[in-house]
Amino acid sequence: MSTTPITWFEFGTDRPDEVERFYGELFGWTFEQQGPSYRVTGAGGDTGIGGAIRTTNGDAASYAVFYAEVADVAETCRRAEAAGGTVLVPMGTTPTGLTRAQLRDPAGNRVGVFAPPPDQG
């Protein structure tokens with residue numbers, strides 16, 4: 001059985017400038033604005049993973065979440081619920097075709113899952 005890789009992380013905050021400054025000073029990470037509420041970093045370099053800061057505008061509590069890349073987000077959500085978890089953020093699709101959802105494990109921890117866009121070729 002193969003394992004599922006963790007390939008992305010995200011910090012949600014209503015203080016994105018402060019979070020960006022903190023990780024810049026702490027780890028040397030830089031972020032690039034992508035849309036009004038998303039800042040992306042290639043923090044992982046050649047050996048780690050990338051991630052982002054999502055601005056919550058105070059609409060949600062601050063959080064940190066990692067994302068596992070899966071083949072089928074809907075099926076992963078069904079399996080999570082069968083295993084005692086809940087779907088925290090229902091499956092959605094970005095304009096590029098990436099699908100994603102966020103789950104809560106039985107202990108209350110948040111985890112994200114995503115599937116890359118289908119090949120356009």
Please round to the nearest 0.5 Å and tell me the distance separating atom [atom1] of [X] and atom [atom2] of [Y].
{"X": "T7", "Y": "Y67", "atom1": "OG1", "atom2": "OH", "answer": "10.5 Å"}
{"X": "T13", "Y": "N57", "atom1": "OG1", "atom2": "CG", "answer": "10.0 Å"}
{"X": "L88", "Y": "Y63", "atom1": "CG", "atom2": "OH", "answer": "9.5 Å"}

With sequence neighbours left out, write down each residue that passes side chain to side chain donor-acceptor pair (under 3.5 Å) with [X], or none if nothing qualifies.
{"X": "Y23", "result": "none"}
{"X": "Y38", "result": "W8, E10"}
{"X": "E25", "result": "R21"}

Per the salt bridge (charged side-chain N to carboxylate O under 4.0 Å, His left out) rule, what does the pair list look like for [range], sequence neighbours excluded?
{"range": "residues 89-99", "result": "none"}
{"range": "residues 97-118", "result": "none"}
{"range": "residues 58-67", "result": "none"}

Sequence neighbours left out, what passes side-chain contact (heavy atoms from CB on, under 4.5 Å) with [X]? Give chain and number order.
{"X": "E20", "value": "F31, R39, I53"}
{"X": "S37", "value": "R54, T55"}
{"X": "V87", "value": "C77, E81, L103"}
{"X": "P116", "value": "E69, F114"}

>> Test of understanding: with ring-ring contact (aromatic ring centres under 6.0 Å, His included), list the residues that count as partners of F9, not counting sequence neighbours.
In response: F11, W29
>> Could you report the tightest heavy-atom contact between P90 and A101, atom names first, then the distance?
In response: C-CB, 4.1 Å
>> side chain to side chain contact (heavy atoms under 4.5 Å, CB included), that's the test. Do V73 and V113 meet it? Break it down for me.
In response: CA-CA 7 Å; V73 172; V113 294; 4.1 Å; yes
> Mind checking what makes salt bridge (Lys or Arg N to Asp or Glu O under 4.0 Å) contact with E32, not counting sequence neighbours?
Replying inline: none
> Quick one: do V40 and F27 end up in the same hydrophobic cluster if we chain Ile, Leu, Val, Met, Phe, Trp and Tyr together by side-chain heavy atoms under 4.5 Å apart?
Replying inline: no
> With a 4.5 Å limit on heavy-atom distance, are the side chains of I6 and I49 in contact?
Replying inline: yes
> Hey, does the side chain of T41 reach the backbone of T30 with a donor-acceptor pair shorter than 3.5 angstrom?
Replying inline: yes
> Distance-only, no hydrogens or angles: does the T94 side chain make a donor-acceptor pair with backbone N or O of L98 under 3.5 Å?
Replying inline: yes
